[in-house]
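Here is the structure we will look at.
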Amino acid sequence: MTLDIAALRDRIPALKSGTAFFDGPGGTQTPAPVIDAIAGALAGPLSNRGTITPGERSAGEIVAGARAAVADLLGVVPRGVVFGRSATQLTYDVARTLAKGWGAGDEVVVSRLDHDANIRPWVQAAEAAGATVRWADFDPATGELDPAAVAAVLSGRTRLVAVTAASNLIGTRPDLPAVARLVHDAGALLHVDGVHYTAHAHVDVEALGADLFTCSPYKFLGPHPGVLAARPELLGTMTPDKLLPSTDEVPERFEYGTLPYELLAGVTAAVDLLAGLDEGASGDRRARLAASFAAVEEHEDRLRRRVEEGLAADARFVCHSRAAHRTPTLLYTIEGRDTADAYRMLAERGVSAPSSSFYALEASRRLGLGDGGGLRIGMAPYTNDDDVDRLLEGLLAF
């Protein structure tokens, strides 16, 4: 595996600011090829999709290219890729659509490990339909979400289970295939929040067992549309509210209004850039993505261990990211100190590592941290050893 971090950093204009960015879980910095693709789409002929004018054909080619790129990224077919404003918006749309078939006695399962975007849409949809919400808890001592905790709240009335592929707060990666087997044995659907996971791992939606999977390109070097991936056959069974003149075709029936063509051009550029991170990789784009993500995981995990080891010498730093299998995302509290103050001090030193619960409100409360959360340190493909040195120097000085 060959990962040229210096070459990647040279392609990201924001890094010229001198900031050491550890806020990747909230959104990565954008490489020049992605910016150029967005600008190029806007500079060329661009109209609503069609086949007559150059602008119409350009829009159609951009959308088809983006669906193909995301399909390669996630291991799905292009017809199963839906674009929306955000993963949150898409989850709300799907929840409202599925809830049309729910009623009294039906049950929906959510997890306290999740970002609220994979909790509240389901809770609210269930409440509106008169269905019951059941909660799967994770162990705050280990950060683990045991599949048995999901099994304990399943029943013959379970209609859907919503679980994250990786916690955006503490990085935990649950055993999704095991969870999926339990969910499917109960006759329910599995909706997976893959927003944090997709930035750090080679995704195979089918292998994970997800029926519905969301992600956000701006978490993996791209722009801000959201993505929903599912089998076209499943999407075909769902009837979302839509405008009368809009198409009934899948996946377009789920895409409201005109798509942001320029941003979709940026999504394709981001996937292509990711596929090229391992300079020694060969094969089609899907194969090159697998090789590149393997290299990225190795790089990010090494830096994560450096941070953990660097802070372990001071017992006042309490790490809440403890799961055996996790992303390079660390949540810390500091005994006797407010992590919001550490966030501000680091910012003064040109290091961005924010303090919050980051919309993972249930997880923060379950950890005993209330709504405030802690200091989150997230590695990204462009993070380097100098960034880690500066982070550790700043935190130890604090």
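Everything quoted here is computed from the prediction, not taken from an experiment. Residue numbers start at 1 and run along the sequence shown. These values consider heavy atoms only, across backbone and side chains, with no hydrogens, waters or symmetry-generated copies.
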- Item | Ion pair Asp248/Arg253, N-O distance below 4.0 Å | no
- Starting from the C-alpha separation in whole Å, work towards a yes-or-no answer on salt bridge (charged side-chain N to carboxylate O under 4.0 Å, His left out) for Lys242 and Glu249. CA-CA 12 Å; Lys242 55 178 278 299; Glu249 293 297 315; over 6 Å; no
- Message: In terms of relative ring orientation, are Tyr197 and Phe213 parallel, tilted or perpendicular, with 30° and 60° separating the classes?
- Response: perpendicular
- Query: Parallel, tilted or perpendicular for Tyr359 and His115, by the 30°/60° rule?
  - Reply: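 Rings of Tyr359 and His115: parallel, under 30°.
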- Applying salt bridge (charged side-chain N to carboxylate O under 4.0 Å, His left out), run through Arg316 and Asp314 and close with a yes or a no. CA-CA 5 Å; Arg316 290 172 295 181; Asp314 190 330; 2.8 Å; yes
Got a list of side-chain donor-acceptor pairs under 3.5 Å for residues 140-153, not counting sequence neighbours?
unit_1, atom_1, unit_2, atom_2, d
Thr142, OG1, Glu144, N, 3.2
Glu144, OE2, Ala324, N, 2.8
Asp146, OD1, Ala148, N, 2.8

Does any N or O in the side chain of [X] come within less than 3.5 Å of the main-chain N or O of [Y], such that one atom is a donor and the other an acceptor?
| X | Y | result |
| --- | --- | --- |
| Ser292 | Leu274 | yes |
| Ser86 | Gln89 | yes |
| Asp284 | Ala287 | yes |
| Thr91 | Asn118 | no |

- From CA spacing to verdict: salt bridge (charged side-chain N to carboxylate O under 4.0 Å, His left out), Glu362, Arg366: CA-CA 6 Å; Glu362 298 291 345; Arg366 177 73 173 148; over 6 Å; no
- Could you please spell out the steps behind the side chain to side chain donor-acceptor pair (under 3.5 Å) verdict for Asp211 and His184? CA-CA 10 Å; Asp211 298 296; His184 294 150; 2.8 Å; yes
- Item | Worked check of side chain to side chain donor-acceptor pair (under 3.5 Å) between His196 and Thr164 | CA-CA 9 Å; His196 185 62; Thr164 187; over 6 Å; no
If hydrophobic clusters are built from ILVMFWY residues whose side chains come within less than 4.5 Å, do [X] and [Y] share one?
| X | Y | result |
| --- | --- | --- |
| Val205 | Leu212 | no |
| Phe21 | Leu395 | no |
| Leu169 | Leu369 | yes |

- Query: Are a donor atom and an acceptor atom from the side chains of His320 and Thr333 found within less than 3.5 Å of each other?
  - Reply: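 Looking only at side-chain atoms, Thr333 and His320 do form a donor-acceptor pair, the distance falling under 3.5 Å.
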- Apply side chain to side chain donor-acceptor pair (under 3.5 Å) to Glu300 and His200, showing your working. CA-CA 8 Å; Glu300 292 179 335; His200 302 290; 2.9 Å; yes
- Item | Verdict with reasoning, Ser155 to Glu107, per side chain to side chain donor-acceptor pair (under 3.5 Å) | CA-CA 8 Å; Ser155 77; Glu107 297 177 356; 2.8 Å; yes
- Message: The test is salt bridge (charged side-chain N to carboxylate O under 4.0 Å, His left out); show your working for Asp385 and Arg302 and say whether it passes.
- Response: CA-CA 10 Å; Asp385 283 284; Arg302 181 182 66 81; 2.8 Å; yes
- Task: Mind checking side-chain contact (heavy atoms from CB on, under 4.5 Å) for Glu233 and listing every partner two or more places apart, or none if nothing turns up?
- Result: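 In terms of side-chain contact (heavy atoms from CB on, under 4.5 Å), with neighbours along the sequence ignored, Glu233 is linked to Arg231.
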For residues 59-78, dump all side-chain donor-acceptor pairs below 3.5 Å to protein atoms at least two apart in sequence or in another chain.
unit_1, atom_1, unit_2, atom_2, d
Arg67, NH1, Val81, O, 2.7
Arg67, NH1, Glu255, OE2, 2.8
Arg67, NH2, Glu255, OE1, 2.9
Arg67, NH2, Glu255, OE2, 3.4
Asp72, OD2, Arg285, NE, 2.8
Asp72, OD2, Arg285, NH2, 3.1

- Query: Which pair of non-hydrogen atoms, one from Ala281 and one from Ala291, has the smallest distance, and what is that distance?
  - Reply: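 Smallest interatomic distance, heavy atoms only, reads CB-CB, 3.6 Å.
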